[in-house]
Visitor: 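Dropping a structure here in C-alpha cells format, bear with me for questions.
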Amino acid sequence: MATRQEKHFKNYQFEQVPRPSGKGYKNTYKYIGDYYTWNLPPEKLWRERQCFVLVEVIFAILYFGAAVQNIEPNKVAPVAVPSICSLAAWVFELIAIGFFSFAKLPLKEEDYKRVDSTFFLTFPIRFLLLAVAAVGCAVYTVRLSAGMPGWLLSLAYAVCAALSLHLMIRYRNLKKHKKVILAE
C-alpha cells in the first residue's frame with residue numbers, strides 16, 4: 001500500500017536545477033501528471049463557473065436569513081439539527097466552489113479529484129439535510145401554530161435544498177464535458 005507521500009508525489013518528478021549563481025543545485029518537483037478541464041467554449045465555461053458562485057451567494061443570504069429567525073420551529077431539534085449539520089457540508093463545498101470557480105484552468109489531477117469528490121458528497125448531503133429541515137419546519141409550523149413566519153421559514157429551507165439539488169444537477173451535466181489533457 002502506497003503511503004500518503006507516495007500518492008501525493010506520484011505525478012511529480014524530482015529535478016535538480018543549477019542555481020543562477022552557479023553554486024550548487026536547487027531541488028524542485030516538476031508536475032508530469034494529467035490535467036483536467038471542460039470541453040466548453042471559454043465564455044460558456046466562465047458563465048458556468050460564475051453561476052456556481054452566484055447560487056452560493058443566493059443560498060447564503062436565504063439560509064442565514066432563515067436560520068437566524070427567532071421563531072418556534074427553528075428551536076426544535078428536527079429542524080435545528082439538520083440545518084446546523086448542513087453548515088458543515090457547506091463549508092467544504094464553499095472551499096471547492098472557490099477552487100472550481102477561481103482556479104486557473106486546466107486543473108492538476110489531484111485538484112480536480114478533490115473538487116469532484118467534494119461536490120459528489122456535499123451537494124446530496126446538503127440537499128437531504130435541508131429537505132429534512134424544511135419538512136420538519138412544516139410539521140412544527142402546524143403543530144406549534146407558528147403561522148405565516150413558520151411557513152416562510154419552511155419555504156426558505158425548501159428553496160435552499162432546491163439550490164443544492166440545482167448545483168448537483170448542473171455539476172453532473174458539466175462533468176459530461178470533462179476533458180483530460182494527457183501528460184507528455
Side-chain angles (χ1 to χ4, degrees), residues 2 4 7-8 10-11 31 33-40 42 44-69 73-140 152-181:
R4 184 174 180 209
K7 286 180 185 178
H8 177 73
K10 75 175 180 140
N11 289 326
Y31 184 73
D34 296 336
Y35 287 92
Y36 291 78
T37 189
W38 289 267
N39 195 15
L40 294 170
K44 183 167 171 58
L45 183 58
W46 183 84
R47 276 195 314 265
E48 285 292 325
R49 293 170 81 183
Q50 297 313 308
C51 175
F52 276 74
V53 173
L54 179 64
V55 169
E56 288 294 339
V57 168
I58 293 168
F59 170 84
I61 292 167
L62 191 58
Y63 176 81
F64 287 111
V68 299
Q69 296 303 311
N74 245 358
K75 297 176 184 177
V76 294
V79 176
V81 171
S83 174
I84 291 169
C85 289
S86 73
L87 283 177
W90 189 54
V91 168
F92 288 107
E93 185 178 307
L94 278 179
I95 294 167
I97 290 279
F99 199 82
F100 168 74
S101 296
F102 300 112
K104 183 179 174 189
L105 292 178
L107 297 174
K108 293 178 182 175
E109 181 179 8
E110 62 266 12
D111 296 334
Y112 172 78
K113 287 182 177 179
R114 185 178 306 121
V115 168
D116 190 52
S117 62
T118 302
F119 286 169
F120 179 77
L121 291 174
T122 59
F123 290 143
I125 288 172
R126 266 190 45 221
F127 169 71
L128 291 173
L129 288 170
L130 290 168
V132 167
V135 169
C137 190
V139 167
Y140 279 94
L152 290 175
L153 182 66
S154 182
L155 178 64
Y157 285 137
V159 171
C160 287
L163 289 174
S164 295
L165 183 63
H166 172 75
L167 287 179
M168 180 174 65
I169 292 169
R170 200 167 190 115
Y171 184 72
R172 287 187 180 168
N173 288 335
L174 189 62
K175 271 182 66 170
K176 294 176 187 173
H177 299 285
K178 177 178 76 173
K179 177 180 172 185
V180 178
I181 302 169

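Computed from heavy atoms alone, side chains included, the values below leave out hydrogens, waters and symmetry copies. In this chain, numbering begins with 1 at the start of the sequence shown. These numbers come from a predicted model, not from an experiment.
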Visitor: Does a side-chain heavy-atom distance below 4.5 Å link Met168 with Phe127?
Guide: no
Visitor: Give the minimum heavy-atom separation between Ala156 and Ala66, together with the two atoms involved.
Guide: CB-CB, 3.6 Å
Visitor: On a heavy-atom basis, which atom in Cys137 and which in Ser154 lie closest, and how many Å separate them?
Guide: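 So the minimum-distance heavy-atom pair works out to SG-N, 3.5 Å.
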Visitor: Counting heavy atoms not belonging to Lys75, are there more than 12 under 6.0 Å from its NZ?
Guide: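 Count over threshold, so yes.
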Visitor: Do Tyr171 and Asp116 have side-chain N/O donor and acceptor atoms under 3.5 Å apart?
Guide: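 There is such a pair between these side chains.
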Visitor: Under the side chain to side chain contact (heavy atoms under 4.5 Å, CB included) rule, what do His166 and Val55 come out as? Steps first, then yes or no, please.
Guide: CA-CA 9 Å; His166 172 75; Val55 169; 4.2 Å; yes
Visitor: Which heavy-atom pair separates Pro82 from Leu129 by the least distance, and what is that distance?
Guide: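 Looking at all heavy atoms of both residues, the closest pair is CB-O, 3.3 Å.
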Visitor: Should Thr122 and Trp90 be marked as a side chain to side chain contact (heavy atoms under 4.5 Å, CB included) after you check the CA-CA gap, both sets of side-chain angles, and the distance that decides it?
Guide: CA-CA 7 Å; Thr122 59; Trp90 189 54; over 6 Å; no
Visitor: At what distance, to the nearest 0.5 angstrom, does CG of Leu107 lie from OG1 of Thr37?
Guide: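 The distance works out to 7.0 Å.
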Visitor: Any salt bridge linking Arg170 with Glu56? Criterion: basic side-chain nitrogen under 4.0 Å from a carboxylate oxygen.
Guide: no
Visitor: For Ser164 versus Arg126, what's the shortest heavy-atom pair and its separation?
Guide: OG-NH2, 2.8 Å
Visitor: May I ask you to decide if the ring planes of Phe59 and Tyr63 are parallel, tilted or perpendicular, using 30° and 60° as cut-offs?
Guide: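 Taking Tyr63 first and then Phe59, their aromatic rings lie parallel (interplane angle under 30°).
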Visitor: Minimum heavy-atom separation for Asn74 and Gln69, please, with both atom names.
Guide: ND2-O, 3.0 Å
Visitor: If we only count heavy atoms from C-beta on, is the Asn11 to Glu110 side-chain gap below 4.5 Å?
Guide: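 Sidechains of Glu110 and Asn11: in contact.
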Visitor: To the nearest 0.5 Å, what is the distance between SG on Cys160 and CZ on Phe64?
Guide: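 It is 9.5 Å, given to the nearest 0.5 Å.
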Visitor: Which value, rounded to the nearest 0.5 Å, describes the distance between Leu130 atom CG and Ile125 atom CD1?
Guide: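 Nearest 0.5 Å value for the CG-CD1 distance: 11.5 Å.
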Visitor: Would you check, one step at a time, whether the test side chain to side chain contact (heavy atoms under 4.5 Å, CB included) holds for Tyr35 with Lys108?
Guide: CA-CA 5 Å; Tyr35 287 92; Lys108 293 178 182 175; 4.0 Å; yes
Visitor: Any idea which heavy atoms bring Glu93 and Leu167 closest together, and the distance?
Guide: OE2-CD1, 4.0 Å
Visitor: Using 0.5 Å steps for rounding, measure from the NZ atom of Lys179 to the CG atom of Leu105.
Guide: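 Between Lys179 NZ and Leu105 CG, I get 11.0 Å after rounding to 0.5 Å.
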Visitor: Show your reasoning for whether side chain to side chain contact (heavy atoms under 4.5 Å, CB included) applies to Ile169 and Leu165.
Guide: CA-CA 6 Å; Ile169 292 169; Leu165 183 63; 4.0 Å; yes
Visitor: With sequence neighbours left out, write down each residue that passes ring pair (Phe, Tyr, Trp, His ring centres under 6.0 Å) with Phe100, or none if nothing qualifies.
Guide: Trp38, Phe52, Phe119
Visitor: Sequence neighbours left out, what passes side-chain contact (heavy atoms from CB on, under 4.5 Å) with Lys44? Give chain and number order.
Guide: Leu40, Pro41, Arg47, Glu48
Visitor: So do Leu121 and Phe92 actually touch side chain to side chain, heavy atoms under 4.5 Å?
Guide: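 A side-chain contact under 4.5 Å is absent here.
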